[in-house]
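Residues: numbered from 1 along the sequence shown. The basis for the numbers below is simple: all heavy atoms, side chains too, and nothing from hydrogens, waters or symmetry mates.
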Amino acid sequence: MTATAPAVKLSFDAVFYYVTDLERSIAFYRDVLGLRVVSRDYVVRFDVDGVLFELVPVSQGQQVFGSGNARLCFKVEDIRRTVSQLQQRGVACSEVKSEPGGLLAFFKDPDGNELCLWQYVK
């Protein structure tokens, strides 16, 4: 019989993106996307339906690096209307495409972090 290690105890804390210009990013997420700022110190925290989303500034002159594999995905009721609203606010969005179980569209924040919209379809 093989002994198994005890489970690692993890608790969810937050999802975050590194940003190069904190004020520009706050304006995008707060004013363009309508997210609510819940606190601000070294980082800025937004509440997205009970999930903590943070913007973390990088040092001056430092670039934002990442694999591009992680995305913040927002569930919406009417993806075409949401894409239209974002475009009216100056946000470039991809075409809406059909995927198994729903509709998907992508857009980027000021640092090029990819975000997506998802509409479930039955």
Side-chain angles (χ1 to χ4, degrees):
M1 179 174 208
T2 305
T4 59
V8 176
K9 182 168 174 30
L10 302 173
S11 298
F12 183 81
D13 180 50
V15 173
F16 67 90
Y17 276 154
Y18 289 111
V19 297
T20 57
D21 184 330
L22 191 59
E23 295 305 318
R24 175 184 70 180
S25 294
I26 291 169
F28 178 79
Y29 285 94
R30 182 192 59 212
D31 303 338
V32 176
L33 300 185
L35 301 184
R36 183 175 61 87
V37 174
V38 293
S39 67
R40 181 177 180 172
D41 43 49
Y42 172 70
V43 303
V44 176
R45 294 170 192 88
F46 298 88
D47 175 66
V48 183
D49 293 333
V51 174
L52 194 60
F53 171 61
E54 298 177 340
L55 300 177
V56 179
V58 296
S59 300
Q60 179 116 11
Q62 185 179 1
Q63 291 183 334
V64 175
F65 294 102
S67 68
N69 196 28
R71 290 172 187 86
L72 182 60
C73 185
F74 297 102
K75 180 178 83 169
V76 297
E77 295 299 317
D78 184 337
I79 196 167
R80 287 180 176 79
R81 181 183 61 177
T82 305
V83 165
S84 176
Q85 290 170 325
L86 289 173
Q87 289 171 333
Q88 289 171 10
R89 295 173 185 183
V91 178
C93 295
S94 72
E95 294 293 322
V96 173
K97 64 184 210 175
S98 182
E99 294 289 339
L103 302 171
L104 187 66
F106 295 97
F107 62 102
K108 293 186 178 185
D109 77 1
D111 281 290
N113 293 307
E114 191 169 61
L115 300 110
C116 68
L117 303 172
W118 176 258
Q119 177 184 331
Y120 286 96
V121 176
K122 296 178 183 183

Does any N or O in the side chain of Tyr42 come within less than 3.5 Å of the main-chain N or O of Pro57, such that one atom is a donor and the other an acceptor? yes
Distance col, row Cys93:SG vs Arg80:CZ, nearest 0.5 angstrom, shows 13.0 Å
If you group Ile, Leu, Val, Met, Phe, Trp and Tyr by side-chain heavy-atom gaps below 4.5 Å, do Leu52 and Phe16 land in one group? no
Results of side chain to side chain donor-acceptor pair (under 3.5 Å) for Glu54 - residues two or more places apart only: Arg45
Hey, mind stepping through Arg81 and Val76 against side-chain contact (heavy atoms from CB on, under 4.5 Å) and telling me if it holds? CA-CA 9 Å; Arg81 181 183 61 177; Val76 297; over 6 Å; no
Should Val37 and Tyr29 be regarded as members of a common hydrophobic cluster, given that ILVMFWY residues are connected when their side-chain heavy atoms come within less than 4.5 Å of each other, either directly or indirectly? yes
If you apply the rule side-chain contact (heavy atoms from CB on, under 4.5 Å), what do you find for Ile26 with Arg40, and how did you get there? CA-CA 10 Å; Ile26 291 169; Arg40 181 177 180 172; 3.4 Å; yes
Same cluster (ILVMFWY, side-chain, under 4.5 Å), Val38 and Val48: no
Locate the shortest heavy-atom distance separating Leu22 from Leu55; write the atom from each residue and the value. CD1-CB, 3.9 Å
If we ignore angles and hydrogens, is there a donor and acceptor under 3.5 Å between the side chains of Tyr18 and Asp111? no
Could you give the distance from CD (Glu77) to CG (Leu117), rounded to the nearest 0.5 Å? 12.5 Å
Tell me whether Tyr17 contacts the main-chain N or O of Phe53 through its side chain, where contact means a donor paired with an acceptor under 3.5 Å. no
How about Asp31: does its CG atom have over 12 heavy atoms from other parts shown lying under 6.0 Å from it? yes
Roughly how far apart are Gln119 CD and Thr82 OG1, rounded to 0.5 Å? 8.0 Å
With hydrophobic residues grouped by side-chain heavy-atom distances under 4.5 Å, do Leu33 and Leu72 end up in a single group? yes
Would you name the heavy atoms of Val83 and Ala105 that are closest together and state the gap between them? CG2-CB, 3.9 Å
For residues Glu114 and Lys108, report the shortest heavy-atom separation together with the two atoms involved. CA-CG, 4.2 Å
Minimum heavy-atom distance between Asn113 and Leu115, given as atom pair plus value: O-CD1, 3.5 Å
Backbone of Asp21 reached by a side-chain donor or acceptor of Ser25 within 3.5 Å: yes
Between Phe107 and Phe74, what is the ring plane arrangement, given parallel below 30°, perpendicular above 60°, and tilted in between? parallel
Quick check: is Val32 connected to Phe106 through a chain of hydrophobic side chains (ILVMFWY, heavy atoms under 4.5 Å apart)? no
Taking the basic N atoms (NZ, or NE/NH1/NH2) and the acidic carboxylate oxygens, is any pair closer than 4.0 Å for Lys97 and Glu95? no
